[in-house]
Protein chains: 2
Amino acid sequence: MTLEEVARLAGVSTATVSRVINNRGPVRESTRRRVLEAARRLRYQPNLHARTLAGGKSRMIGMVASNIDNPFFIDIFRSFETEAARHGYEVVLKHSDYSRKRLLGVIETLVGQRAAGLLIAVAEADESVVEELRESKLPVVFCDGGWASERMSAIKVRYATGMQRVVEHLYGLGHRRFAFLGHHLGLAAARERERAFTEAAELHSADVRYVIEEGDDSPDGGRQALQQVLRSGLAPTAVVCANDFMAIGVLTELRSHGLSAPDDVSVAGFDNIEFSRHVYPALTTVSVPRDRMARLAAFALIPQESGHPKGREVVIDPELIVRESTGPARPG
Amino acid sequence: MTLEEVARLAGVSTATVSRVINNRGPVRESTRRRVLEAARRLRYQPNLHARTLAGGKSRMIGMVASNIDNPFFIDIFRSFETEAARHGYEVVLKHSDYSRKRLLGVIETLVGQRAAGLLIAVAEADESVVEELRESKLPVVFCDGGWASERMSAIKVRYATGMQRVVEHLYGLGHRRFAFLGHHLGLAAARERERAFTEAAELHSADVRYVIEEGDDSPDGGRQALQQVLRSGLAPTAVVCANDFMAIGVLTELRSHGLSAPDDVSVAGFDNIEFSRHVYPALTTVSVPRDRMARLAAFALIPQESGHPKGREVVIDPELIVRESTGPARPG
DNA sequence: TTGAAAGCGCTACCAA
DNA sequence: TTGGTAGCGCTTTCAA
């Protein structure tokens, strides 16, 4: 079970066993085989805690996402994990459910585990979180939300551009009454999308009207937000959602009211998750390149030959993807 | 940074600091405050590796899923995590991508981390994996696949029942030509669903014909499998999928061929993931109660007052949920 | 109520 | 090529 037992059985010192197990330093082939055999017989499994404690460093990067139900975050995780693995790093995925308190707890755990770096893909990172992160001295990358500074990078999406494209697209189709459905509007990062929408809409303040509603970050959250909208009086012809995950529920809710997209109401999402292609009608959305973000994150987190990358900010321009859920506004 | 530094600053021994930090043993209130203050000033973060190493045990349960893209597994994880948290356990989610090799590696890591237990929700667990697990001496629960034995429980779904209900439903609607779309048919656990379908279909061997196709466990996998089917000659009027995740893609692919469900082809899924309600037409499926499975898993994994639960097998009967994607077979 | 000290299992350095 | 051994940071007796 322990290195020492293996050493005893093999008739060598623990130092030698360690060398064999880690393929480090010179070991005579015969000794090597003897040790391996002993380890196998004893079904030796190195204690990772002891190893990390003795070694000092770890090859583990922690990623925390707001909501693992939303495939958007899973996509980032997968790409990031693949990239990290190429450099010999393991990544563990944690989630915070949009709770600042949970986030703090998760970060604490990750720091306690002596993670080699942190990828923070959450909407609830405020100053206190950033402060806590800074004190941890760990390299950190924010994906959406947070700010760049020494040792901390930020990968952002230019929501202004994305939302502007959505609104222009819809405006061009004749839409004048909009609804924006968001989630966690109390959180700065989540609010960015709302603000981007508002700004884009205000460019047409002369003839555009809109309402903002809030729901959970889930299809059902989208449904519920839409219900609010439908009760609100303003009968929008276009519904812009903070993300695809919510938009998917909007489509369902519309249908249950006997309304159809895009004939009665146009619907747009954001993110371009895979599901957006499989709903009906296929969702018009804005592509947020998770793989590119993940690669950038990996680059910022993993020490390169040239030493550790300095904290910097990268802003990504998203692209409009027009599919079937948006169309000409109904006259009247 | 370390316990010792805190002790020095507070002018006490490390033993006392440990007591304070862990709220264990008697400590004079004034001392306690002094220590806490020192810890705060130093921004002390306990090293979890040292703690686990010294303490011997951990409150961490590892869960490994085949495919974290499939929301089915995420649902299990979330319910399980909630349940585990109530008992003071943390759970870490890992994935194996249906690779036996990756699974073995992940298990090794978890064992090396001295997990308190393992929840194995994979299709690729064969004898060698079970053997490895048995040797780890850890309490293990299989969710779908695997076998019960000393210290190992298995939570299974009676696929035979579920598939039979699907087939009977479809047969009753007049369908006689079927296709079954599955994934990883080389893996025993994944094959169970196929076998269940086959058995159900064979009950009507007199007048039912069917083909089996395989794709990835993803919507695109479903699409591709359907393409095979459409090329196969047998023009099925009903497509039964191994799970909803694949079925979702089938709906999309059908549409791209100008076919519509359920008018031209009926489609049924399995699992009842949330998305199945949001596709169009809403998917007829079989409910697999993830929350119940997760609770059973937690019960089997977490030591109760009555000592550690013995390995046992629980079989769950799934229920048919008829929605809009299935309908009467087209005459002809 | 507090402290000293013996580990937990492993790595890494220094000698041999 | 090998062994001895001093830690890594924490918990936990056992004494004081």
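Within every chain, numbering begins at 1; the chains are lettered A, B, ... in the order of the sequence lines, protein sequences first and strands thereafter.
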(message) My understanding is that only one of A:Lys101, A:Glu124, A:Arg102 makes a side chain to side chain donor-acceptor pair (under 3.5 Å) with A:Ser96; could you say which?
(response) A:Glu124

(request) Check for a donor-acceptor pair, side chain of A:Ser153 on one end and backbone N or O of A:Ala300 on the other, with a separation under 3.5 Å. (result) no

(message) Checking the side chain of A:Lys156 only, and the main-chain atoms of A:Gly146 only, is there a donor and an acceptor separated by less than 3.5 Å?
(response) yes

(message) Each nucleotide in nucleotides 9-16 of chain D should get exactly one letter: B, S or -. Can you fill that in based on protein heavy atoms under 4.0 Å?
(response) BBBB----

(request) Not counting sequence neighbours, which residues clear salt bridge (Lys or Arg N to Asp or Glu O under 4.0 Å) with A:Glu150? List them please. (result) none

(request) Measure from the ring center of A:Tyr98 to the ring center of A:His183 and say whether it is less than 6.0 Å. (result) yes

(request) Please report, rounded to the nearest Å, how far the C1' atom of C:dG3 is from the CZ atom of B:Arg8. (result) 16 Å

(request) Look at all strands and tell whether A:Thr31 reaches a base, only sugar-phosphate, or nothing, counting heavy atoms closer than 4.0 Å. (result) sugar-phosphate

